[in-house]
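Quick caveat: nothing in here was measured; it's all calculated off a predicted structure. Residue numbers count from 1 along this sequence.
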Amino acid sequence: MQAITNVHRRVTAAVAATMIVAATLLPNMANAGPTLDKIKERGLIKVGVGTTPGFFTPDSSGRWQGFFIDFGRALAVTVFNNPDKVEFTNSSPQQRLPALQSGEFDILLSGVTETVTRAFKLGFHFGPVVFYDGQGLLVRKDLGVTKGQDLDGATIGIQSGTTGELNIADFFRKSGKKFTPVTIEETAEFTKALDSGRVDALTQDSTDLAAKRTQLKKPDDYILLPERLSKEPLAPAVRAGDDQWLEIVNWTVYATVQAEEFGITKDNIDTFLTSEDPAVKRFLGVDPSLGQAIGLDPKFAYNIIKAVGNYGEIFERNVGKGTPLNFDRGLNQLWTKGGLIYSPPFR
């Protein structure tokens, strides 16, 4: 009898503890969604971006174009079914994370590297990786170097406020070589330092360096070394505390990936509306049950692809073969073709 009483007491205590935890969590759940609420109230999404041609840059008429810009427009389609309900603002690497933290932006699509300290210490959530990059080295050809270790004693330009500062220090520390860092804050001064001979090399994400090489006075006098000093998974970044907004970001990106996997493009999408494949019908909203279940327009994926195309189209149009950057897909190929780009199931 005493044993039964003790069990009863333990169960009662456990229930009470559960109720206390629930009471603590419920207010947070009730208040969830501040970012999304503000977006809907103002009628547009505020996006922080950089200024790298091919990834984000205004055209001659002032309209933003680029790889990351297309994902910003895709988000506006998901939320408003209008790709123009978005405002892009250039933010430097030093300013972008504090600006996101303070609420100046709803999301960063500025080529932010996902790291554990940014997730835990700074309190950011990251969406899916949209571009797998790595830190590289852009050097003058006349130095005659073929790999990073050949730069022993070199002066290397590093943009402040990026993961590159730590990565290059780690690289030379591991190799037992020495270098002189020159920290440069202003983006415009970065290439000037190499052009003028102030530095022997620049280090940054290889995508940025490929773009910056085209901006040098004599691009053919410089070479991007083939090795990569780090992993730089570039992903959308949002503030913690708004799970619904994060999921909208996630599934907007995944929609572009899944469309490519299905073979659905901006031009042929309407031919898929008569598909008998139940997965395609759910994805395009012909079967509206999926969209209704998750609280989005059943045709949100259809609308995204109609507006900006699938992931492959976004990549090739902005940074792929035939563009000044001339990037191979590499790791940014679909998983079905040996890459790392992958979407969870739409079901």
Side-chain angles (χ1 to χ4, degrees), residues 47-60 63-75 83 86 88 90 93 96 107-114 127-138 159 162 164 187 190-191 202-216 219-220 222-226 228 230-237 252-257 259-261 265-267 304-305 307-335 337-343:
V47 180
V49 296
T51 51
T52 302
F55 289 95
F56 19 55
T57 188
D59 61 19
S60 57
R63 180 175 170 80
W64 283 88
Q65 306 289 349
F67 177 84
F68 286 103
I69 298 302
D70 283 342
F71 285 103
R73 293 204 171 100
L75 272 172
V86 58
F88 299 104
N90 172 37
R96 60 190 181 183
I107 184 171
L108 283 181
L109 283 168
S110 55
V112 183
T113 300
E114 181 176 359
V129 175
V130 292
F131 199 99
Y132 288 92
D133 203 357
Q135 187 168 333
L137 287 158
L138 182 65
Q159 190 153 23
T162 68
T187 300
F190 204 56
T191 51
L202 297 177
T203 188
Q204 203 172 21
D205 289 355
S206 60
T207 49
D208 288 325
L209 293 178
K212 284 179 169 55
R213 180 176 173 274
T214 67
Q215 300 167 0
L216 294 166
D220 291 340
Y222 302 88
I223 184 172
L224 181 60
L225 298 183
R228 296 294 174 262
S230 67
K231 295 183 293 184
E232 302 293 334
L234 308 183
T252 295
V253 173
Y254 290 143
T256 68
V257 175
E260 184 179 10
E261 188 176 332
T265 69
K266 186 175 182 179
D267 292 334
I304 288 171
I305 307 310
V308 300
N310 66 34
Y311 179 90
E313 290 178 286
I314 293 171
F315 186 100
E316 295 299 337
R317 178 170 63 243
N318 293 295
V319 300
K321 297 295 184 181
T323 71
L325 295 184
N326 199 34
F327 281 127
D328 286 318
R329 287 284 294 268
L331 295 178
N332 297 297
Q333 186 61 266
L334 289 181
W335 68 283
K337 297 181 179 179
L340 298 178
I341 299 298
Y342 185 99
S343 169

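Atom CG of D133 sits about 7.5 Å away from atom CZ of R228, to the nearest 0.5 Å. Note that the CZ atom of F327 and the CZ atom of F67 stand 10.5 Å from one another [nearest 0.5 Å]. Taking OG1 of T191 as the reference point, atom CG of L209 lies at 11.0 Å (rounded to 0.5 Å). In this structure, L334 CG and Y342 OH are separated by 11.5 Å, a value rounded to the nearest 0.5 Å. Rounding to the nearest 0.5 Å gives a distance of 6.5 Å between CD of E260 and CD of Q333.
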- [ ] Begin from the C-alpha positions of V129 and L340 and carry the test side-chain contact (heavy atoms from CB on, under 4.5 Å) through to its verdict.
- [x] CA-CA 9 Å; V129 175; L340 298 178; over 6 Å; no
TODO: Go through the steps for T323 and N318 under the test side-chain hydrogen bond (donor to acceptor under 3.5 Å, both in side chains), then give the verdict.
DONE: CA-CA 7 Å; T323 71; N318 293 295; over 6 Å; no
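Heavy-atom neighbours of K337 NZ from other residues, nucleotides or ligands within 6.0 Å: at or below the threshold of 12.
Between F55 and F68, the angle of the ring planes lies from 30° to 60°, which puts this pair in the tilted group.
Taking a cutoff of 4.0 Å between a charged side-chain nitrogen and a carboxylate oxygen, D208 and R213 do not qualify as a salt bridge.
Residues F88 and F56 keep their aromatic ring centres 6.0 Å or farther apart.
Among the candidates T51, D59, D70, V47, the single residue satisfying the side chain to side chain contact (heavy atoms under 4.5 Å, CB included) test with W64 is T51.
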